[in-house]
Amino acid sequence: MLFNSYVFIFCFLPMVLAGYLLLRRTSAPQWPIAWLVLASLVYYSWWRPEYLLLLLFSVGVNFGFGKLIIDGGLSHSRSRAALTCGIVFNLSLLGYFKYAGFFVANVDSVFGAQWVVPSIILPIGISFITFQKIAFLVDAYRGLVRNFTLLNYAFFVTFFPQLIAGPITHHSEIMPQIGPVQRRDLTADLGVGISIFVVGLFKKVVIADSLAIYADAGYSMLRAGHPLDSASAWVTVLCYSFQLYYDFSGYSDMAVGLARMFGFRLPVNFYSPYKSTSIIDFWRRWHITLSRFLRDYLYIPLGGNRRGPVRRYLNLGIVMVLGGFWHGANWTFVVWGGLHGLMLGVNHAWRALAISRSLALKKGLAQRVAVAMTFVAVTLAWIPFRSDSLADAGTMLGYLWPATDHPQGLSSFWGLLKGQFLDFRSVLRLTEWFRPRELWPPLLPPDYLATATRPMGLLLLCVGIATFTVPNTYQIFGRFQPALGLPEETLGRGALTRLDWRVAFVVAGMFVLSVLRLSHVSPFLYYQF
Amino acid sequence: MSVPFSTTSSDTPSRGYLRALALSAAIWLGLFLIFTWTVDPYGVSPMQLALRGINMQKPKRVDIDRLIKPYEVWRYQPRTVFLGTSRVHQSLDPAVLDGTRFAPAYNAAMPAASMDMHAAYLRQYVQLDRNLRTVIVELFLPNFIGRPAGLEPGTWSEFIENTMTLFGSADTLWDSASTLVYNVFSGRPTFQVAPGGYLDRPPGRDTQAPFDGFAAYIWSPQVGEPDRATYYYDAIGAWGVIERWLAGLSGQATVYSFSQPNDWVDEPIGPTMTYWNDTFHFSLAMGRSILANLAGLPDVKRPDNFMERLTPERVASHVESRRQAVRRWAQANPSFVARFEDARQRWLEQNRR
């Protein structure tokens, strides 16, 4: 069940909210939490009921390890052994379901073996759930866990707004919010939560899905072995870059908004990453809770930056390659992670130089150049991330470069400019907008995306301007403390001073438009990781 | 770690914010319905308004047959349904059958439809349309070539989802806006699917030089698109398939042929053809005569052998007469045959490599 589906918005969510509001009136504080756990299990089983057993089994085993570590009275070494067993258990589940096929296929290909692995369906959200449970066990081992009961633990792991695609929460972030569940004024939380949810829904179904039309067409042509001219290749990678941005940003907003409807705050997971001035900055803004997990539970245990620069760069590389591999069992993700590891290393090396601390580089134009460079680097790195194979990624990179012997290199950009902006009669022919979904990619000419797909140019222009200039959701709703872990300058200073009827009118308009867009249901990109 | 709780440490929305949200959503939804039902880009609005300069032309009603036709079959409950490909889609006007025992009729043909699709949609239409008595199916040769995909009929949930897309989707909103803009600023007659379900061509669009178009069609796109070359060749060379299928079908259903050699079928290629839109699609005039013949209606003078009832015993002679006619045509047009054969050989060579 996707957040952007009729069944979720009009059936599941209202029912869960109604039940939650009713149960809050009972004297027992555990009932509303139990209700949310039950709803979360229904939400998870909607996809494949049989995998609910896997989730319950995993929750049970992890609870057992947690109990052993916290209340078992174990010695330090035995506690450590229990932690190790817990981590191995979780990684084994992840390894089997996500990586067994990949591993066998590679062994077969390298050694000519004939190993056969049955077709394994990846349980939805397993990557996120695994990391969350590992973080819990480590926190338990470090003595950071409080208020530990089976119900609370089940709630912490399965709470549906963050179950499938994060954010990856800490026990210490969620548990303190369970206690006062009955004291809250949920009318206020509903108002804020619904508004944030609608903003996220709009980002996903109106912006990301509109860009997906063009990104998918370009990558379909690539997969079919049909050439793209340079401008069309840039259109494809830019559309995908913004599509992924608004897809994940939208999902993160929806998760935060949903949790807030029930009176809970989730940690911020996405904070205008394309406004980053460096790759280091990017990873502090993109998938923040994953970066935090990798830093706290992988990078620092590996030694972090405490063992000299060489070891630091090596650690960064290891962490990013594994982070890439976590996104999917394909060499394309490994390469993507490796690229980011490399860029992080270069970025750290640059920062170690005295010149990087020059005041001139901290000012307006230099900062804008830094943002542009970071954006281009991140966008190029998305190519292997999106491609089906490394060969496809290499081909796409070749198309991007107009100086090759490609039939339409630099001249294709003139075609783009003319087709998308200067030829007013064609651009304003509204009946021909949004057509690529109707077409069969192998029949498209190489310059089709750049010259004929409309309103791609206007859309990219508007989205680009909005991405780099408009405040993000947390900056807009800052006064309402929308998420945990926000920068100090955001809290209490949101662009919106009041949620009144004017805001309601705009939010409702976004909601109606978003719901109307649901007819073309498309899954969140991050659900597949 | 200190966690801020929602209502103790943050500003709260104004009183009545949730009510304002609900009311605003209702207003937006109302505006959407007023706009889309007035402009009615697909011709499905319950208001059915025809406003000059607003919605007379419906350019967005093309290419959505798979979405709209099951809905219209359910809505109009026709007694007769046509199934077929683009030939039927753009040439059979169901209004010709008005007043006959076949009325009301609906053209449910879809461009590029396969026999599998016909079967799947027919099974769905039987569920959707309790009045359905007669189904007229086009037997188009390429539909019999290739492996059947075994398509399942559309489910009720798909039907409801598709119908919702027609009435309540952003596509509807966008298509309403573009329909309005088109009618306000242009208003020129354009391709659109008429209320009976058939493709209405704008005047003047069936007078292009069809032969040149066809020649270019075969000649230019050789690489990567071999289907175009084989398509025509197989249609000529697959007489065995035609005979086998016609013999089988005519034993089980009523089969009429309109492909006998005569002045209409062999209409010379020219800029103002009456019975053919192009080399593949017959015209509305031809379609009108086909329907008039089927319904026993008076029509313009037509060739004596225009319609022929096929029985298993007559199929062999029928196929032979058509085959002879094609040979005669080939002998009369040697340059075309040479060019075609040349194209075919080149295609075969490329595919051998």
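Quick caveat, the model's predicted, so the values are computed rather than measured. Naming convention: chains lettered A, B, ... in sequence-line order (proteins, then strands); numbering from 1 in each chain.
- By the 6.0 Å contact criterion, CZ on A/Phe10 is enclosed, its count of non-hydrogen atoms from other residues, nucleotides or ligands being greater than 12.
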N/O donor to acceptor pairs below 3.5 angstrom from side-chain atoms of residues 30-38 of chain B, sequence neighbours left out:
unit_1	atom_1	unit_2	atom_2	d
B/Thr36	OG1	B/Phe32	O	2.9
B/Thr38	OG1	B/Ile34	O	2.5

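- When the shell of 6.0 Å around CZ of B/Arg52 is examined, it contains 12 or fewer heavy atoms from other residues, nucleotides or ligands.
- Listed here is the closest heavy atom pair of A/Leu499 and B/Tyr17: O-CD1, 3.3 Å.
- Note: A/Asp500 leads A/Val506, A/Val206, A/Val198, A/Asp500 in heavy-atom pairs under 4.5 Å with chain B.
- Using a 4.5 Å cut-off between heavy atoms, B/Leu21 touches chain A through backbone and side chain atoms alike.
- By the 4.5 Å heavy-atom criterion applied to side chains, A/Val515 and B/Trp28 are not counted as neighbours.
- The heavy-atom pair separating B/Ala25 from A/Ala508 by the smallest distance is N-CB, 3.4 Å.
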**Criterion side-chain contact (heavy atoms from CB on, under 4.5 Å) on A/Phe505 and B/Ile27, from CA distance to verdict** = CA-CA 9 Å; A/Phe505 193 69; B/Ile27 291 171; 4.2 Å; yes
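- Only the side chain of B/Tyr182 comes within less than 4.5 Å of a heavy atom of chain A; its backbone N, CA, C and O stay farther away.
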**Message:** Under the criterion side-chain contact (heavy atoms from CB on, under 4.5 Å), I'd like the reasoning laid out for A/Thr187 against B/Leu18: C-alpha separation, chi angles, the key distance, then a yes or no.
**Reply:** CA-CA 8 Å; A/Thr187 314; B/Leu18 289 176; 3.8 Å; yes
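- Applying the side chain to side chain donor-acceptor pair (under 3.5 Å) test to B/Arg66 and every residue at least two apart in sequence or in another chain returns nothing.
- Put simply, OG1 on B/Thr165 and CG on A/Leu518 are 10.0 Å apart, with the number rounded to the nearest 0.5 Å.
- Neither the backbone nor the side chain of A/Leu144 comes within less than 4.5 Å of any heavy atom in chain B.
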